[in-house]
Amino acid sequence: MTSPAARRLSISTAEPGHAARLLVWYDQNARVLPWRARPGTAADPYRVWLSEIMLQQTTVKTVGPYFAKFLARWPDVAALAAAPREEVLQMWAGLGYYSRARNLHACALAVVRDHGGAFPDDEAGLRQLPGIGPYTAAAIAAIAFGRHCMPVDGNIERVVTRLFAVEQPLPQAKPQVQEQALMLAGEGRAGDSAQAMMDLGATLCTPKKPSCVLCPLQPDCAACRRGDPETFPRKAPKKTGELRRGAAFIVRRGDQLLLRSRADKGLLGGMTEVPGSEWLPGQSDAAARRQAPVLPGLSRWRRRPGVVSHVFTHFPLELVVYVADAPAGTKPPDGMRWVAIDALEGEALPNVMRKVVRHGLGD
DNA sequence: TAGTCGTGGTT
DNA sequence: TAACCAAGACT
């Protein structure tokens, strides 16, 4: 709280509120991250945007190498817009949530085509672009353009619901949290305030065992006073999905594999895969195997021992893997293609398919 | 509004 | 280990 000396001074110097104390803490404790501008220098909207898209539901550690890779290959939004979409998907492979990659490219094209290559400099304008929702629009507006707004992500939801001991569960409490979060934006330093809140949530106000003794907001934190900060935010428990089963089919033609591209939308949209059965709860191995591709002259299917297990956000998956050989010269079925095993790095293979190939090739 | 959409890490 | 979480968007 305010010291007696400071209180006397507060006649002319307003008592530091939440926002001010947050910024004092940030100036001494800000994380150094590749996409952040050096203190005192302006942020590059392209880098801010690229990082914000990559960071959606993705950890800082995971994003690091992808951010560097993208920036080296496409140093500005015009370069990214000029790239083939397939190349963007391939570079994104492994990062997950692939609609982000499709929207990233669509957004770059829109910025070049509709905005002369410059990002809109306010929340409303940004919000119109593909892949930019309420959070990302506010984050870019604050960090890149200094607009007075506060993006609300998982970190900030946690900090705010603890600070005010919000009893209403999420997501119902979102409007209230948004309003309270904005009160923490410092005058003239909205971008730093936003990043300070994220750093606070990531390093001190953590989901479990928060370090309240080090927190600059601790004197005012209702949840900390109650003694149960970990119980915030309130949230309804979510149900786990049912296990789905299926089969994946690896067809070898010499040193090549048979691949195809998934439908543009939906799960793993636009990504590369080996032919496979549907993924259904309770599907028998026999039913899955009947969905094998048909090629002339194909050898017998050999089932690889074991299964490939993978967990998506809303369901776990188990795939049985079969392998067969096709004679030299065999033409690929409609919509499929032969790809050299050595060239798989150049494909937009999601991790589940990397697991399948590794398993099928006996690694 | 609630379900869909990846993957890796932590507890 | 099963559950939860990570700078959410879209339908």
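Chain A is the first sequence line, chain B the second, and so forth, proteins listed ahead of strands; every chain is numbered from 1.
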Between A:Gln172 and A:Thr58, name the one whose nearest nucleotide on DNA chain B is closer to the 5' end.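 Taking each residue's closest nucleotide, the earlier one in sequence belongs to A:Gln172.
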By nearest heavy atom, map A:Gln57 and A:Pro171 onto DNA chain B; which one lands nearer the 5' end?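 Closer to the 5' end of DNA chain B: A:Pro171.
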Residues two or more places apart in sequence or in another chain: which of them pass salt bridge (Lys or Arg N to Asp or Glu O under 4.0 Å) with A:Glu86?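 With sequence neighbours excluded, A:Glu86 shows a salt bridge (Lys or Arg N to Asp or Glu O under 4.0 Å) to no residue whatsoever.
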When you check the side-chain N and O atoms of A:Arg337 and A:Ser261, is any donor under 3.5 Å from an acceptor? yes
Dump the intermediate steps for side chain to side chain contact (heavy atoms under 4.5 Å, CB included) on A:Trp92 and A:Leu104, then the final yes or no. CA-CA 10 Å; A:Trp92 195 278; A:Leu104 185 82; 3.9 Å; yes
Separation of atom NZ in A:Lys239 from atom P in B:dT4, rounded to whole Å: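 Rounding to the nearest Å, NZ of A:Lys239 and P of B:dT4 are 10 Å apart.
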Would a line drawn from the ring center of A:His314 to the ring center of A:Phe312 be shorter than 6.0 Å? no
[M] and [N], which share atom name [atom1], separated by this distance in whole Å:
N: B:dT11; M: C:dA7; atom1: P; answer: 14 Å
N: C:dA2; M: B:dC5; atom1: P; answer: 23 Å
N: B:dG6; M: C:dT1; atom1: P; answer: 25 Å

Only counting residues at least two apart or in another chain, list the ones meeting side chain to side chain donor-acceptor pair (under 3.5 Å) with A:Lys174.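 Scan of A:Lys174 (side chain to side chain donor-acceptor pair (under 3.5 Å), adjacent residues dropped) gives A:Glu157.
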Heavy atoms under 4.0 Å, any strand shown: does [X] hit a base, just sugar-phosphate, or nothing?
X: A:Trp92; answer: nothing
X: A:Thr240; answer: sugar-phosphate
X: A:Val352; answer: sugar-phosphate

Sub-3.5 Å pairs of nitrogen or oxygen atoms, protein against nucleotides 9-11 of chain B:
none

Where does the angle between the aromatic ring planes of A:Tyr322 and A:Phe249 fall among parallel (under 30°), tilted (30 to 60°) and perpendicular (over 60°)? parallel
Pick the closest DNA chain C nucleotide for A:Val60 and for A:Pro130 by heavy atoms, then say which residue is nearer the 5' end.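 Its nucleotide being nearer the 5' end, the pick is A:Val60.
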Which of the following nucleotides, B:dT7, C:dA7, C:dG8, is nearest to the side chain of A:Asn351? B:dT7
Donor-acceptor pair under 3.5 Å: do we get one between [X]'s side chain and the base of [N]?
X: A:Tyr135; N: C:dG8; result: no
X: A:Thr313; N: B:dG6; result: yes
X: A:Arg127; N: C:dA9; result: no

Dump the intermediate steps for salt bridge (charged side-chain N to carboxylate O under 4.0 Å, His left out) on A:Glu273 and A:Arg260, then the final yes or no. CA-CA 6 Å; A:Glu273 67 175 0; A:Arg260 66 186 183 188; 2.8 Å; yes
